[in-house]
Amino acid sequence: MGAIKLNAVEKWYGNVQVIKGVDLEINDGEFIVFVGPSGCGKSTLLRMIGGLEDISRGTLDIDGRDVTAEPPSKRGLAMVFQSYALYPHMTVRDNMGFGLKTAGAPKAEIAEKVNAAAEVLKLDPYLDRRPKDLSGGQRQRVAIGRSIVRDPTAFLFDEPLSNLDAALRVEMRYEIAKLHQRLDATMIYVTHDQVEAMTLADRIVVLEFGVIAQVGTPRELYERPANLFVAQFIGSPKMNILACSTSGDSYQLPGARGGAYAAATPAEHLGIRPEHITLGAPGSGQCDGEVDFVEYLGADSFLVVDCGDLGKITVRSIGDTPLTAGEKVGLTFDPERLSFFDKDGLRT
Amino acid sequence: MGAIKLNAVEKWYGNVQVIKGVDLEINDGEFIVFVGPSGCGKSTLLRMIGGLEDISRGTLDIDGRDVTAEPPSKRGLAMVFQSYALYPHMTVRDNMGFGLKTAGAPKAEIAEKVNAAAEVLKLDPYLDRRPKDLSGGQRQRVAIGRSIVRDPTAFLFDEPLSNLDAALRVEMRYEIAKLHQRLDATMIYVTHDQVEAMTLADRIVVLEFGVIAQVGTPRELYERPANLFVAQFIGSPKMNILACSTSGDSYQLPGARGGAYAAATPAEHLGIRPEHITLGAPGSGQCDGEVDFVEYLGADSFLVVDCGDLGKITVRSIGDTPLTAGEKVGLTFDPERLSFFDKDGLRT
Amino acid sequence: MRLINRIPNRPGAVLLAALPFVLLLVAYSVASDIRLTANPSDKLLPAPSTIAATAERLFTEPDRRSKEILLWNDTVASLARLMGGVGISALLSLVIGLAIGLLPYARSLFSSFIAVLSMVPPLALLPILFIVFGLGETSKVVLIVIGITPFMTRDLAQRVLEIPKEQIVKAQTLGASTAVIALRVALPQILPRLISNVRLSLGSAWLFLIAAEAVASNVGLGYRIFLVRRYLAMDVILTYVIWITLLAFIIDWLLKTLSRRAFPWMEAGL
Amino acid sequence: MRLINRIPNRPGAVLLAALPFVLLLVAYSVASDIRLTANPSDKLLPAPSTIAATAERLFTEPDRRSKEILLWNDTVASLARLMGGVGISALLSLVIGLAIGLLPYARSLFSSFIAVLSMVPPLALLPILFIVFGLGETSKVVLIVIGITPFMTRDLAQRVLEIPKEQIVKAQTLGASTAVIALRVALPQILPRLISNVRLSLGSAWLFLIAAEAVASNVGLGYRIFLVRRYLAMDVILTYVIWITLLAFIIDWLLKTLSRRAFPWMEAGL
């Protein structure tokens, strides 16, 4: 069991409010990822759930029980840190068994549980080594193993992969996903890496300045961002945002052609992702522009098209592109994929 | 002028050979990127060109002149380090003017050149600051500025962006590309980041264990990798490599269907990139498999398909995919995009 | 709540910090009181008021014979020896440290010699210094120099070696000669370290000074303390001890302030 | 080629390293020879052969009066004082350092007191120690303890504070009490540091020992050196100086070896 509920949670450091009233329900067994730019409060929120930071206002329930005032050790949560926080003087076995030993578990039980966790994490050959003799990925696995052994209600991960190199990161990401499938435990995962968020999460929580900007599945966030912040934060390269105006059932772009508009409220910004624009002859589609430069990446090419008053628009071309800098093109926006935002930046 | 030529260059540390005979011609004004896994010798090779490491055997020509025995200061090259190597006790202005001052240039000339370089690099507002008061990107720009001021024959960059965060890296990458356009100077750039290599390079040099695995434009490397190493090193996710056999003008896949084969020599490996496979009904295309899992990234989804004896094959699906884990599919390989390698791993 | 997480509030913390000092004072006063009640002429634990009176007398009243205020004479003599020794050591360690750090030849030449030298307890050499240089000022200054130079030199050399290789290499590709690298790249970066080394070494320098003065001198703070010990003049000794501590504190504070003013680029320098 | 890049080859480096030692020896021999030629009974620079003969006599021949070999008696007495003082300091600094590093209350209570204490030059306290504890062993051991404990305590406390916060937090979420954290998480990680602190402090400990023995004792290495100074017995002094240096070196080597053996997980530990 590991249902976690945050009720109007706030965090104040003196007069500075870092978390500005967060309500969130996390279901048992769910994989939740907190993302946001640095300083958005994602790590603070995680540490408040873990009990490492006090909750200034609001309450925290775990499995329906109010644990706001309880110390970390009573909440039954297991935190995995970016720095691993392994004990350098202990072997892998002792590191993993530390929690059980402090709880006074019998030796046989400790050995059994440590071995079981080691098997799951493929750490069997390293049980007698010390942390310094392990690779970064192995250390992270030991840190996870130390938590598994205690059968926690939920796992809290604080940027666990950010100290690993790119290849290891992909591998460990895959292993964490598999671990979640196998343990079926609630996991809350903080990261600034979008790809980790998109691929791991059941639901993503996007934070901005201590406020939840949007909560939803990766698909919801990518396809229907609730506001300009989420639209630009999720996706790489970024969604193109253009100034626009609407009148009745059509939208207009300054110095270019518009299209149909369905929503009731007027919009001031149009968002379109690079992969939802097709390139054609000048005069076709929504606007014209001149190719500024082309980035060839192999699987795709990204063209930055200078559209005058509209600004520079990034367009994805699958595979290679015959276009080169200086050529004139027309850009057609996929009408199904347009996002519109009002003057406050909210989706219309 | 900045044409650089390496003739059978070797590097030995005692009995260990780190660079195993490298021949390379770099044209004036070219942007060359050295890539390779860590330990491949790319940094050593750069440092040998810069004169920071001796050349054990072979010669180095700059603009037709043999400089093998000349000290770094005589080669007219400017090295930009990963660690910036700024002088912490000097202002930005003094850091940038250091080279001119040691050369005994008059004050007015130093001021003029430093100001010109500062303008190019948008460092004007920071000239009186010390390095510790600058951001990572600004420090890197100062390091570049210090080199520009001396009008070097060529720039040598040693992983210049690896200490910056993702967003800054993209920005500085763009600035380096612009700088190359403007200065039109020869640049040699070492990185382990493929995206940097693909987007910056006129030609990429892929190194493996001190040997050049392939030299070519980004397109050549991506589309026609010369061997298995380059095929798997360039591209993310990796190219799928399958065991195959050939007989006459057709190839066979174990436990699956084959296709036409054109080369004269027999092949043992087939390489196909994730974006060159289309998904269809079971029984269609080259082989069948079961979807193992799906990674949704927004712009694309990657499906890992378990094809039994053939192994797991990664397939890109543009945008979202209706398929989920457990479904049976047929995989069709784009015949234009197949790469075949012989038993030694060389392209047939 | 675990003891480890209990943090005293602001006034509580100040109170706690003052506690050991207050306790020490109270304990001393009580002990002194008990002894003086038993024997009014006891000299071992003079009353705090006696110490204050003695201190005032020492700082203001001239000696009957020489007509000079001995405490100020002692202070001037001791500080002159201290500054001389520390100054010479600083200069020596700067020059040799730079040489060892930058030049492989100097490194080969000096480093093991200095390593062996630093293992010799300098106080054991004091008798030799007295024999060679006589009982005058020279042997005291030389003792300080011998005592603190090896440590400072090794530390400065280490610091020079820790300057990122790239900075030196870059200076070379920018055409700098060995002298320019030493003076414009290395020297400015180790000056702050020199000051912190002087601060660290001053404690030892005081020890060598007091030891030398205790054994053979006729003026100086260390001489006076060991002289009046014979008369069990605890009030004088305590005044001198507090005065020396105060001097040490002031010198340390001056150096710290100098370092912060002179090298603002230092902290978190990359 | 710049001087900075000139690296001596292997035999050259060895030669260079030996050079200062050889020069010192040659200079001494020549000077000694000149003086002895002028005045055969000169005692200031005894010939190396005289020193060797004296050393042999000191190590092997018993004193005529006491029938004991004085050098060994001196060594045993001095080492006992040294070990006693250093041992007590190590224990004290370990306990107080752990408390300061882990418990905010202890930190408030002790840290400024120890900071002030470390500013007092311990040698200035020696007369007080003699008056309070008498001229016996206690005052010598207490001088060493007062002299080196503040530094060791502050350093160990600092080291405890440097243990990554996450390790402590993780231990708490794993249910560890303050005592368990102190004994199983913090203590093992500062033990290697304790040894390196002892190694660093031994130099000072020797100084305090020699100073105390020089001023008041009747046995001990420091006592003997300052005693024979009166007779200008340079040969004896030099033998003792070399012997003390050798002892210091051996103790340092033993501690270094112990540390490497006992804490193999130390280097580059994360």
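Chain naming here is simple, since letters A, B, ... match the order of the sequence lines and numbering starts at 1 in each. These numbers were taken from a predicted model, which means no experiment stands behind them.
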Engaged part of [X] at the chain D interface, taking heavy atoms whose separation is under 4.5 Å:
X: I181(C); result: side chain
X: L45(C); result: neither
X: A176(C); result: backbone

Side-chain heavy-atom pair [X], [Y] within 4.5 angstrom cut-off:
X: L3(D); Y: L102(C); result: no
X: F208(C); Y: L123(D); result: no
X: L126(D); Y: I210(C); result: no

*Out of S204(C), S108(C), P122(C), which one racks up the most heavy-atom pairs below 4.5 Å with chain D?*
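Max contact count across the listed options: S108(C).
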
**Item:** Leading residue by heavy atom contact count with chain D [cutoff under 4.5 Å; candidates L207(C), D252(C), I244(C)]
**Value:**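 Max contact count across the listed options: L207(C).
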
*asked:* At a 4.5 Å cut-off on heavy atoms, which part of A186(D) comes close to chain C: side chain, backbone, both, or neither?
replied: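 Nothing of A186(D), per the 4.5 Å heavy-atom cut-off to chain C.
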
### Task
Select one option (side chain, backbone, both, neither) describing which atoms of F110(D) are under 4.5 Å from chain C's heavy atoms.
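Neither part; nothing is under 4.5 Å.
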
To check you understand the geometry: which heavy-atom pair defines the closest contact between [X] and [Y], and what is its length?
X: F249(D); Y: M119(C); value: CA-CE, 3.3 Å
X: P127(C); Y: F226(D); value: CD-CZ, 3.8 Å
X: F113(D); Y: F21(C); value: CA-CZ, 3.5 Å
X: V120(D); Y: V241(C); value: CG1-CG1, 4.0 Å

| Which residues from residues 13-20 of chain C are near chain D, with near meaning under 4.5 Å between non-hydrogen atoms? |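 A13(C), L16(C), A17(C), L19(C), P20(C) fall under the 4.5 Å cut-off.
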
### Query
Going from CD1 on I128(C) to CE on M234(D), what distance comes out if it is rounded to the nearest 0.5 angstrom?
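Interatomic distance, I128(C) CD1 to M234(D) CE, rounded to 0.5 Å: 4.5 Å.
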
Rounded to the nearest 0.5 Å, how far does CG of L238(C) lie from CG of L125(D)?
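It is 9.0 Å, given to the nearest 0.5 Å.
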
Exercise for review: Determine the option with the most heavy-atom pairs under 4.5 angstrom with chain C, choosing from L246(D), I168(D), V132(D), T178(D).
Suggested key: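 Option with the greatest count: T178(D).
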
Just so I understand: if I count every heavy-atom pair under 4.5 Å between each of I242(D), L202(D), L109(D), V116(D) and chain C, which residue has the most?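 That would be L109(D).
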
